[in-house]
Visitor: 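My structure is below; once you've seen it, I'll send some questions.
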Amino acid sequence: MSQVILKHVRDFLPDHVFDCGQAFRWQREEDGSYTGIVGGRIANIRFDQQEENTGEGQLVLSNVSESEFSEFWKHYLDLDRDYREIQNVLAQEDPVMKAAIAFGRGIRILRQDPWETLISFLISQNNHIPRIRKCIETLCECFGKPAGTYRGRAFYSFPEPEALSELTAEDLAVCRLGYREQYLVKAARKVLEDGPRRLRGMSDPEISGEEAFSYITEFCGVGPKVANCILLFSLGKYDRFPVDVWVKKVMKNYYGLETPKEIAAFAKKKFGRYGGFAQQYLFYYIRESEQE
DNA sequence: TTCCAGGTACCCC
DNA sequence: GGGGTACATGGA
């Protein structure tokens, strides 16, 4: 079994990275590692903390070759980014962020595939996280391709636009998507009509967050919240600040902000280009602290 | 049973 | 442009 070991890794805790609501296909193993499939590649990821003070440790990627790591996983896991720097800037003169970061310091924003993120967050609306995961797994089992087995389990790739574009309501009924099922088929058709490169191209740094936002919200079923998640989690627009029920709650409880307008203005002013990271720390903070 | 979830489309004014 | 409401589903 191929394996890649990275020493002296900081700010990477699998529980924080894979269970902070940004990705839905990583499964926690009994040993605390996570197994997932991304772009048809199956990997298991573990972190062994070695230094108490700095939180430094080694990251172990199993079922991953050196070339797969350097060509794919390194980028996906955002390993080149200095999260300590981001934390320092955000925590400055903000006791709330300071607490949130202390709580979720191992968070990283994964660089996910735009198509998969679009579909996943279409499913996420007005839905519970465990159900979102279930819907997505069924979708992959039924319409993705077999990608092999790991630890005795079969894995399936995320279905391509072509596979979803021709499905009927009857085909999709097994996924229990409810009223969201039409959004998936429409999205698949739009991606094919526009050319798949159009969506992917939104990750170009030359394209502003506003421009990408206006394109992504053309998809039926994509409003401001879902659009900002797609921008943040798959298109590299790190200043976006998605506001959902949890973020609303944290902004009201800790900052006294009520309306979406107030929240957006505050996030822009206070968190700026690191808005997306701030949002992830706050989301994880409020959600974990309320899940008794 | 009723409430709720990483909200949005649609309608009304 | 703001303010309601329906929407499928299943877990708590």
Side-chain angles (χ1 to χ4, degrees), chain A residues 15-26 100 103-104 107-110 112-114 116-139 142 167-187 189-190 213-235 237-254 257-265 267 271 275-292:
Chain A
D15 286 335
H16 296 181
V17 175
F18 300 119
D19 192 29
C20 65
Q22 60 176 323
F24 302 102
R25 299 201 67 196
W26 289 93
F103 205 80
I107 286 172
R108 256 162 210 272
I109 295 184
L110 300 169
Q112 299 187 71
D113 174 70
E116 178 171 339
T117 308
L118 166 64
I119 296 301
S120 298
F121 280 89
L122 277 172
I123 294 171
S124 78
Q125 64 168 70
N126 206 30
N127 213 342
H128 294 268
I129 289 180
R131 263 204 90 237
I132 298 167
R133 305 175 78 101
K134 205 169 182 181
C135 289
I136 293 174
E137 275 325 298
T138 308
L139 186 73
C142 294
L167 296 179
T168 64
E170 206 172 43
D171 297 328
L172 275 168
V174 63
C175 296
R176 315 303 288 161
L177 298 169
Y179 67 93
R180 306 171 195 85
E181 77 182 11
Q182 54 170 325
Y183 297 158
L184 270 64
V185 179
K186 283 186 183 174
R189 290 181 182 163
K190 179 170 166 58
F213 183 88
S214 82
Y215 174 65
I216 297 297
T217 49
E218 284 178 13
F219 287 86
C220 187
V222 176
K225 154 65 174 63
V226 168
N228 281 329
C229 284
I230 298 166
L231 262 54
L232 177 59
F233 299 141
S234 72
L235 295 170
K237 312 299 184 200
Y238 293 107
D239 59 335
R240 309 309 291 198
F241 191 85
V243 179
D244 68 345
V245 289
W246 294 98
V247 174
K248 265 182 202 156
K249 200 177 286 184
V250 78
M251 296 309 275
K252 184 181 176 185
N253 291 354
Y254 294 111
L257 302 168
E258 298 272 0
T259 70
K261 239 182 177 173
E262 284 177 331
I263 294 173
F271 306 131
F277 300 98
Q279 193 269 7
Q280 280 305 96
Y281 290 120
L282 292 171
F283 176 81
Y284 189 80
Y285 184 44
I286 186 80
R287 198 170 70 95
E288 291 296 309
S289 55
E290 290 210 357
Q291 273 180 0
E292 42 109 47

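All heavy atoms count here, side chains included; hydrogens, waters and symmetry mates do not. All chains are named by letter (A, B, ...) in the order of the sequence lines, taking the proteins before the strands, and each is independently numbered beginning at 1.
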Visitor: Would one find more than 12 heavy atoms of other residues, nucleotides or ligands at under 6.0 Å from atom CD of Glu218(A)?
Guide: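 Atom CD in Glu218(A) is packed in, count exceeds 12.
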Visitor: Please classify the nucleic acid contact of Cys20(A) as base, sugar-phosphate, or nothing, using heavy-atom distances under 4.0 Å.
Guide: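 If one applies the 4.0 Å heavy-atom cut-off, Cys20(A) turns out to touch a base.
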Visitor: Taking any heavy-atom pair under 4.0 Å as a contact, classify Phe233(A): base, sugar-phosphate, or nothing.
Guide: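 Answer is base: heavy atoms of Phe233(A) come under 4.0 Å of a base.
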Visitor: Go along nucleotides 6-12 of chain C 5' to 3' and tag each nucleotide: B for a protein heavy atom under 4.0 Å from its base, S when only backbone or sugar atoms are that close, - otherwise.
Guide: -BBBBS-
Visitor: For Phe213(A), is the NZ or CZ atom of Lys237(A) found under 6.0 angstrom from the centre of its six-membered ring and inside 45 degrees of the ring axis?
Guide: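 Ring-cation test returns no.
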Visitor: When we call it a touch if two heavy atoms are under 4.0 Å apart, what does Gln22(A) touch: a base, just sugar-phosphate, or nothing?
Guide: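 Touches a base.
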Visitor: Taking all atoms of both residues into account, what is the closest heavy-atom pair of Leu177(A) and Cys135(A), and its distance?
Guide: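 For Leu177(A) and Cys135(A), the tightest heavy-atom pair comes out as CD2-CB, 3.8 Å.
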Visitor: So that I can tick it off, tell me whether Lys249(A) and Glu290(A) are bridged by a salt bridge, with the cut-off set at under 4.0 angstrom between side-chain N and carboxylate O.
Guide: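 Looking at Lys249(A) together with Glu290(A), the answer is yes, because their closest N to O distance falls below 4.0 Å.
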Visitor: Check Gly223(A) against Thr217(A) and note the closest heavy-atom contact, atom names and distance.
Guide: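 Of all heavy-atom pairs spanning Gly223(A) and Thr217(A), the closest is O-CG2, 4.0 Å.
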Visitor: Can you establish whether the number of heavy atoms outside Lys134(A) located under 6.0 Å from its atom NZ is more than 12?
Guide: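 Open.
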Visitor: Compute the centroid of each ring, for Phe277(A) and then for Phe271(A), and state whether the two points are separated by less than 6.0 Å.
Guide: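 Judged by ring-centre distance (under 6.0 Å), Phe277(A) and Phe271(A) do not meet the cut-off.
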Visitor: Dump every N/O contact between nucleotides 9-12 of chain B and the protein below 3.5 Å, one line per pair.
Guide:
unit_1: dA9(B); atom_1: OP1; unit_2: Gly221(A); atom_2: N; d: 2.8

Visitor: For Ile263(A) and dG7(B), what is the distance between atoms CD1 and P respectively, to the nearest whole Å?
Guide: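 Nearest whole value for this atom pair: 13 Å.
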Visitor: Can Ser124(A) and Asn127(A) be counted as having a side-chain donor-acceptor contact under 3.5 angstrom?
Guide: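 No, because no side-chain N or O of Ser124(A) sits under 3.5 Å from a partner of the opposite role on Asn127(A).
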Visitor: Is it true that a side-chain atom of Glu116(A) and a backbone atom of Asp113(A) form a donor plus acceptor pair closer than 3.5 Å?
Guide: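 Pair absent, no side-chain N/O of Glu116(A) close to backbone of Asp113(A).
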Visitor: Expressed as a whole number of Å, how far does the P atom of dG10(C) sit from that of dT8(B)?
Guide: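 After rounding to an integer number of Å, I get 22 Å for this pair.
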Visitor: Within this structure, what is the CD1-to-P distance between Ile216(A) and dT8(B), rounded to whole angstrom?
Guide: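 Rounded to the whole Å, the gap is 13 Å.
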Visitor: Which pair of heavy atoms, one from Ala100(A) and one from Leu282(A), lies closest together, and at what distance?
Guide: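 In this case the closest contact between Ala100(A) and Leu282(A) is CB-CD2, 4.1 Å.
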Visitor: Taking atom types as modelled, find out whether Tyr284(A) and Gln22(A) have a side-chain donor-acceptor pair closer than 3.5 angstrom.
Guide: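 Their side chains do not contain a donor-acceptor pair, so the 3.5 Å distance test is not met.
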Visitor: Polar pairs (N or O, both sides) under 3.5 Å between protein and nucleotides 1-5 of chain C?
Guide:
unit_1: dG2(C); atom_1: OP1; unit_2: Lys261(A); atom_2: NZ; d: 3.4

